[in-house]
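In this text, all values refer to a predicted model and were calculated from it rather than measured experimentally. Computed from heavy atoms alone, side chains included, the values below leave out hydrogens, waters and symmetry copies.
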Amino acid sequence: MKNKIIFIILLLFSFSGFTQNLTEKEFVILTFEMSKNKGQHKNQIYTYYWVAELEKYENVDEYKEPKIYSLYLTEFYGSEQLESCCLGKVSYPYTMTTGTEFNFPENYDTYLKNLRKLVKDNRKEIQVINKKWKDNHKEKVTVYATTVKGKLCVCEYGGDVILKTGDLISFPKGEFKIIDTFWNDNKNILLFKDFSTFEYGNTH
């Protein structure tokens, strides 16, 4: 069961005042890895994280498009934006001001690092997208899926850069564990979703 469960007891997100009642759910964490063959950062891999929340089916032949929204697994925002989201308020993760704080829980960076490793070690490749332009410019995007059970702080994005105002964004909270049987039955719907037009790059 190596790397199947991530326990971050030192965190458990004990921010005082957090009131959003979070329910443990099953999610698919989507990892988009992109590289280009030309340019200043050629052959460098850029990683973007999203999360899919699957709708429940009421009928056997019913299809519901999964909800997909940004997931922040790297620490680039102020702690007040994380707290706002976990309180169910609008969050502005890309906005830095003189009032921006970085009062994260102890070892928060380690928590995110371990969670990224859990996601990478247990991911499933679901699509490879190859794009070509003139002058032999090429872009390769590999889409991976990691099935987990855990809690997310989900809220609206309040800014107007990178994402659209009102888009959903999310931050992980507490313990996550891998679900080995997630792709059974109708949950394999993401295996057949075409991500070739998905704007994965408009997040961090």
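- Counting heavy atoms from C-beta on, the side chains of Phe195 and Tyr200 never come closer than 4.5 Å.
- Inter-residue side-chain proximity for Ile178 and Asp121 is flagged as unmet; no heavy-atom pair is nearer than 4.5 Å.
- Electrostatic pairing of Glu199 and Lys164 does not count as a salt bridge here, judged by no charged N lying under 4.0 Å from a carboxylate O.
- Contact check for Val154 versus Glu53: no side-chain heavy atoms found under the 4.5 Å cut-off.
- For the pair Leu168/Lys67, no side-chain contact is recorded, criterion being any heavy-atom separation below 4.5 Å from C-beta on.
- Rounding to the nearest 0.5 Å places CG of Leu73 at 10.5 Å from CZ of Phe171.
- Note on Met96: it clusters hydrophobically with Leu163, by side-chain heavy-atom contacts below 4.5 Å among ILVMFWY residues.
- A donor-acceptor pair under 3.5 Å is absent between the side-chain atoms of Glu139 and the main chain of Lys131, judged by distance alone.
- To the nearest 0.5 Å, atoms NZ (Lys177) and CD1 (Ile179) are separated by 8.0 Å.
- Put simply, the side chain of Ser170 gets close to the backbone of Ser70: a donor and an acceptor are under 3.5 Å apart.
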Is there a side chain to side chain contact (heavy atoms under 4.5 Å, CB included) between Lys25 and Leu152? Walk through the geometry before answering. CA-CA 8 Å; Lys25 297 181 179 179; Leu152 294 177; over 6 Å; no
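- Between the OG1 atom of Thr47 and the CZ atom of Arg116 there is a distance of 9.5 Å, given to the nearest 0.5 Å.
- Within the model, atoms NZ of Lys124 and CG of Asn122 stand 12.5 Å from one another, a figure rounded to the nearest 0.5 Å.
- Atom OH in Tyr94 sits 12.0 Å away from atom CD in Gln81 (nearest 0.5 Å).
- Minimum interatomic distance between Val119 and Thr146 (heavy atoms only, all atoms of both residues): O-OG1, 2.8 Å.
- Between Ile169 and Tyr69 the shortest side-chain heavy-atom distance does not fall below 4.5 Å.
- Cluster membership for Phe104 and Tyr92, using ILVMFWY side-chain heavy atoms within less than 4.5 angstrom, is not shared.
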Please evaluate residues Thr110 and Asn114 with respect to the criterion side chain to side chain contact (heavy atoms under 4.5 Å, CB included), reporting the C-alpha separation (whole Å), side-chain torsions for both, the decisive distance (0.1 Å), and the verdict. CA-CA 6 Å; Thr110 300; Asn114 289 340; 3.7 Å; yes
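- Residues Glu33 and Tyr144 share a closest heavy-atom pair of OE1-CE1, 3.6 Å.
- For Ser91 (side chain) and Tyr157 (main-chain N/O), no donor-acceptor pair under 3.5 Å exists by modelled atom type.
- Within the 3.5 Å criterion, the main-chain N or O of Glu101 finds a donor-acceptor partner in the side chain of Ser79.
- Looking at heavy atoms from C-beta onward, Tyr49 lies in side-chain contact with Thr31 at the 4.5 angstrom threshold.
- The SG atoms of Cys153 and Cys85 do not sit under 2.5 Å apart.
- Here the side chains of Tyr111 and Pro172 are in contact, with some heavy-atom distance below 4.5 Å.
- Taking both residues in full, the closest heavy atoms of Tyr108 and Leu82 are given as OH-CD2, 3.6 Å, listed atom of the first, atom of the second, then distance.
- Separation of atoms CZ (Phe27) and NZ (Lys149) is listed at 11.0 Å; rounding is to 0.5 Å.
- Of all non-hydrogen atoms in Ile126 and Leu30, the two that sit nearest each other are CD1-CD2, 4.1 Å.
- Taking the centre of each ring, Phe198 and Phe32 come in below the 6.0 Å mark.
- In this structure, Gln127 and Asp194 have side chains that are in contact, with non-hydrogen atoms separated by less than 4.5 Å.
- Counting all heavy atoms, side chain and backbone alike, Lys140 lies closest to Val128 at CE-CG1, 3.9 Å.
- Considering all non-hydrogen atoms of both residues, Pro93 and Phe76 come closest at O-CE1, 3.7 Å.
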